[in-house]
Every structure is written in structure tokens, then in C-alpha cells.
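Throughout, a chain's letter reflects where its sequence line sits, starting with A, and its residues are numbered from 1. The figures that follow rest on heavy atoms only: side chains count, while hydrogens, waters and symmetry mates do not.
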Amino acid sequence: MVVPNRQSSIANRKSKIENTSTPFKLTRLQTHLMNWPDSPALLAPLGPWFDLHRRDLPWRHGDLGRPHPNPYAVLVSELMLQQTQAATVIPYFERWMARFPDAAALSVASEDEVHKLWEGLGYYRRARYLQASAAHIATLGWPTDVDGLMELPGLGPYTAAAVASIAFQWPEPALDGNAFRVLARVLGLDGDPKHYAKRLRSWLRPALEKLGASRLTQSLMELGAMICSPAPKCLNCPLAVHCEARRSAATDRIPPIVQRRKPKESELMLLAVEAHGFWLLREPTQKGLLAGLWKWPALEAAFVVEADLAADSGLPYASHELYSWSGWTQVYTHRRELVSPFHLRLAQRFLAPKGFHWVPGAELDQLALGKRDQRLRELLKGTGTVPLRGPSASWLLDHLRRDAALAG
DNA sequence: CAACCGTGGTA
DNA sequence: TTACCAAGGTT
């Protein structure tokens with residue numbers, strides 16, 4: 001497939017990235033660029049270093065001087081690599097490409113299967129965006145410039161530029177966390193390097209044109225991942241001679257650490273309710289945490305206190321059995337959950353509330369679950385339950401049905 | 001624009 | 001154990 005290089009500029013985009021520059025800002029920009037070393041000269045050592053030390057990643061093509069033979073593979077890898085380390089991505093990428101070898105195959109897949117192949121990788125929105133992008137490409141073909149790539153769902157400034165440079169050799173500067181850290185240190189930037197994004201892109205473009213877009217983009221990120229890491233290994237760095245942060249012993253201050261909000265804590269009971277070989281699962285939601293995935297029913301654990309007070313009310317659930325395991329802490333980006341898992345076995349099924357579904361045990365493994373719910377699914381396969389230590393079975397069931405009624 | 005979206009590695 | 005943070009993007 002031949003894709004023309006339109007030489008469009010991310011920095012001058014009207015939409016999504018930044019506003020067009022005013023004459024005043026352009027003047028400041030030019031002034032500032034005068035103080036930075038020439039980018040092709042400064043970054044030239046990256047090429048030879050990369051040829052010697054580059055990792056052999058399954059989405060990485062041998063000849064970086066040409067457009068990538070499979071742009072779809074680049075797209076898949078870049079979506080998977082968002083906020084995710086390469087080592088984690090590799091097995092997911094292999095399975096994905098085996099099952100969905102091209103955009104057409106992905107575009108006709110079921111959403112459940114798409115999520116199943118993404119299971120455990122996190123940020124599940126990316127899987128849906130990738131499928132939507134594949135549908136666009138299968139129908140209309142590949143975009144012909146970086147602005148077109150930006151229109152694909154799930155592609156922002158970084159990913160659009162990464163696909164442009166790695167898949168098509170368009171000279172679009174792709175700035176990820178690695179590139180920002182490397183450039184902040186080499187140039188000795190003060191403050192958050194993201195504030196320099198626009199100037200850095202203008203400054204980088206000549207280097208992309210001279211050293212090769214794919215080669216420079218990947219070598220910059222590879223250096224950030226392997227050498228110029230948060231705790232840098234400057235002795236092995238091909239840019240050390242001209243690095244401002246190293247010269248001034250400031251690599252621990254550049255770039256500055258951005259502090260995060262403390263995660264919110266919550267406590268919940270996670271229920272595997274079983275009846276005659278069927279399991280009660282929450283159907284996938286469209287929004288919120290773990291959207292698109294199946295979930296075990298859960299109850300706010302504040303109820304546990306009530307349960308202790310209520311004790312067993314003597315309701316007719318004599319044939320029910322309740323098992324539990326020791327709990328754990330489930331960590332998300334901005335949340336911490338204290339999880340208490342239970343297995344409740346019922347003598348008979350009841351009508352599944354709205355938003356719930358009785359799943360045959362044989363199909364449990366086919367559902368896409370988040371790590372928290374995968375963990376309970378695995379517990380059910382073992383025999384390591386401990387005697388009941390928690391609310392009564394009747395109490396749990398009553399609250400589950402009440403909770404489901406409210407949710408529905 | 002701050003909040004939100006998962007999970008695993010690392011010091 | 002805690003906190004940072006990773007080939008970020010969307011709302």
C-alpha cells in the first residue's frame with residue numbers, strides 16, 4: 001500500500017494538540033531555539049548506539065530506513081504500549097496478531113473476544129479504541145497524514161506521531177515519557193518538560209528528516225527506557241558527553257517528580273454465587289472502572305459490621321453453604337480496594353436481577369475479567385477454603401438482591 | 001484541566 | 001511498605 005507523505009506538522013495543528021502560535025510566541029520560540037544545540041548533530045550518536053543495543057521486539061522491523069511492512073502491527077503495538085512496559089506487552093501482542101492478523105479480521109470480531117484477548121493488560125478502553133480504529137481502516141483505508149491518524153479513536157499526539165514515524169517514515173516528533181526525560185536532561189530543561197512540547201517538536205523535526213523518522217523515534221525512546229531511566233546509567237549513554245543534566249549533576253532533579261493524589265480506599269465483599277453449576281455474574285458496563293469486562297457481584301464491606309450485629313437471623317437458607325478465603329488489597333491507579341472473597345453455594349437459582357446473568361461453569365473461563373475477579377475465579381478452582389468467617393449466607397444473599405434491585 | 005482509566009516493575 | 005511510573009488518551 002502506498003501512502004503519500006504529506007509533510008504535515010503536528011505542532012501547527014489546529015485541532016486536538018495546541019493553538020496556532022502568535023507572532024510573539026513565534027519570536028520567543030526562535031530565540032529559544034538559538035540556545036539549543038543543533039538537533040541532528042546532538043542526536044546523531046543515537047543511531048549507531050541503537051543498531052548495537054536495540055531489543056528484538058516482535059513489532060519492530062529489521063530495516064528502520066523504510067516504511068514498516070505492516071502498519072497495522074505498529075498500530076496494535078502502540079496502543080498496547082500506552083502506559084505499559086514492552087516486556088508486559090510482548091505475549092499480548094503475539095496472541096493478538098495470531099488471532100487478529102489484520103484490520104479486517106479485528107473489525108468483525110465480537111467485543112467479548114476483543115476484551116478476552118486484552119484481559120489482564122489494563123486500560124481496556126484501548127482495546128475498544130483499537131477495534132474502532134481497525135474498522136475505520138478496513139473501510140476507508142489508512143489516513144494519509146498525521147492529522148488523519150489523530151482522528152482515529154485512542155490516538156493522541158504521541159501515538160499518532162509514533163505511528164506516522166514508525167509505520168510510514170513521516171517526520172513527526174513523537175514525545176512520550178521516555179523522550180521527554182531524555183531531552184529534558186540533555187538540554188537541561190527547567191520544570192515539567194511537557195511545557196516545552198511545542199518547542200521540542202519544532203526542534204526535533206530536522207533530526208527526524210536527517211537521521212530517519214523511524215530510527216530516531218525508536219532510538220530516543222529506547223535510550224529512555226534502557227539507559228536514561230529515572231535512575232540513569234550515564235556510563236553507557238551515547239549522549240553523555242553533551243548532556244547538560246549530567247554536566248551539572250542534576251539528573252535526579254531533571255525532570256522534576258510530579259506528585260500524585262492519594263488513592264481512595266474502599267472495602268468490599270466479592271461474591272461468587274453458585275447454583276447447580278451456574279455462576280452469577282455482573283454483565284459488562286459501558287462506563288467506569290473495568291468497563292467492558294464481566295465482574296463478580298460485590299457489596300460494600302461497610303455492611304460487614306451490620307452483619308456481625310445481625311448475626312444469623314434464622315431465615316430458611318439451611319441448604320446454603322458459604323466459604324471464604326483470606327482477602328487481599330487490590331490496587332488501581334487512583335483506588336485501593338480491600339477485597340474479601342466469598343463462595344456462596346445455593347440450593348436453587350433465583351431470577352437473575354437486571355444487569356446480572358447466570359453463567360454456566362464451563363463458560364466461566366471464556367469471560368474477560370479484571371485481575372481482581374480473575375483472582376477469585378482462580379480461588380474457586382482450588383480447595384483452600386477456610387471455615388466461614390463473615391456474614392451469614394442468608395444475610396449476604398438478601399443484601400445482594402437488594403443491591404441488585406437498586407442498581408437495576 | 002483535573003480526574004479518571006489497570007496492572008506490573010522497581011528502588 | 002510506599003510511591004513513582006511505564007511507548008497516554010479522553011472527558
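A salt bridge does not link Glu222(A) to Arg54(A): none of the charged nitrogens lies less than 4.0 Å from a carboxylate oxygen. Ion pairing between a basic and an acidic side chain is recognised when a charged N comes within 4.0 Å of a carboxylate O; Arg375(A) and Glu378(A) show no such pairing. Ion pairing between Lys381(A) and Asp365(A) holds under the 4.0 Å rule for side-chain N and carboxylate O.
As a whole-Å value, the separation of Glu222(A) CD from dA7(C) P is 10 Å. A straight line from CE of Met150(A) to P of dG9(C) spans 8 Å, rounded to a whole angstrom. The distance between atom OH of Tyr332(A) and atom P of dC4(C), rounded to the nearest whole Å, is 20 Å. What separates CZ of Arg126(A) from P of dG8(C) is a distance of 10 Å, to the nearest Å. To the nearest angstrom, C1' of dA6(C) lies 13 Å from CE of Met226(A). Following rounding to the nearest Å, Lys194(A) (NZ) and dA7(C) (P) show an atom-to-atom distance of 11 Å.
Annotation: Trp358(A) is in aromatic contact with Phe350(A) [ring centroid separation under 6.0 Å].
Between dA3(B) and dA7(C), the distance separating the two P atoms is 25 Å to the nearest Å. Taking atom P on both dG8(B) and dG9(C), the two are 22 Å apart, rounded to the nearest angstrom.
Which of dA7(C), dC5(C), dA6(C) sits closest to the side chain of Gln83(A) comes down to dA6(C). Considering only the side chain of Arg125(A), dG8(C) comes nearest among dG8(C), dA7(C), dC5(C).
Put simply, the side chain of Leu200(A) reaches to within 4.5 Å of the side chain of Leu187(A), judged on heavy atoms.
On the nucleic acid side, DNA chain B contacts chain A at distances under 4.0 Å to non-hydrogen atoms, with the end points of that region at dA3(B) to dG9(B).
When each of Leu183(A), Leu208(A), Asp176(A), Asn178(A) is tested with Leu220(A) by the rule side chain to side chain contact (heavy atoms under 4.5 Å, CB included), just one qualifies, namely Leu183(A).
Side-chain contact, Arg128(A) with His115(A): a donor N or O sits under 3.5 Å from an acceptor N or O.
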Expected list for residues 257-266 of chain A: side-chain donor-acceptor pairs under 3.5 angstrom, two or more places apart:
from      : atom 1 : to        : atom 2 : distance (Å)
Glu265(A) : OE2    : Arg336(A) : NE     : 3.4

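Within residues 176-183 of chain A, the residues approached by DNA chain C to less than 4.0 Å at the level of any non-hydrogen atom are Asp176(A), Gly177(A), Asn178(A), Arg181(A), in residue-number order.
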Test log, rule ring-ring contact (aromatic ring centres under 6.0 Å, His included), inputs His343(A) and Trp279(A): CA-CA 10 Å; His343(A) 175 189; Trp279(A) 300 86; 5.2 Å; yes

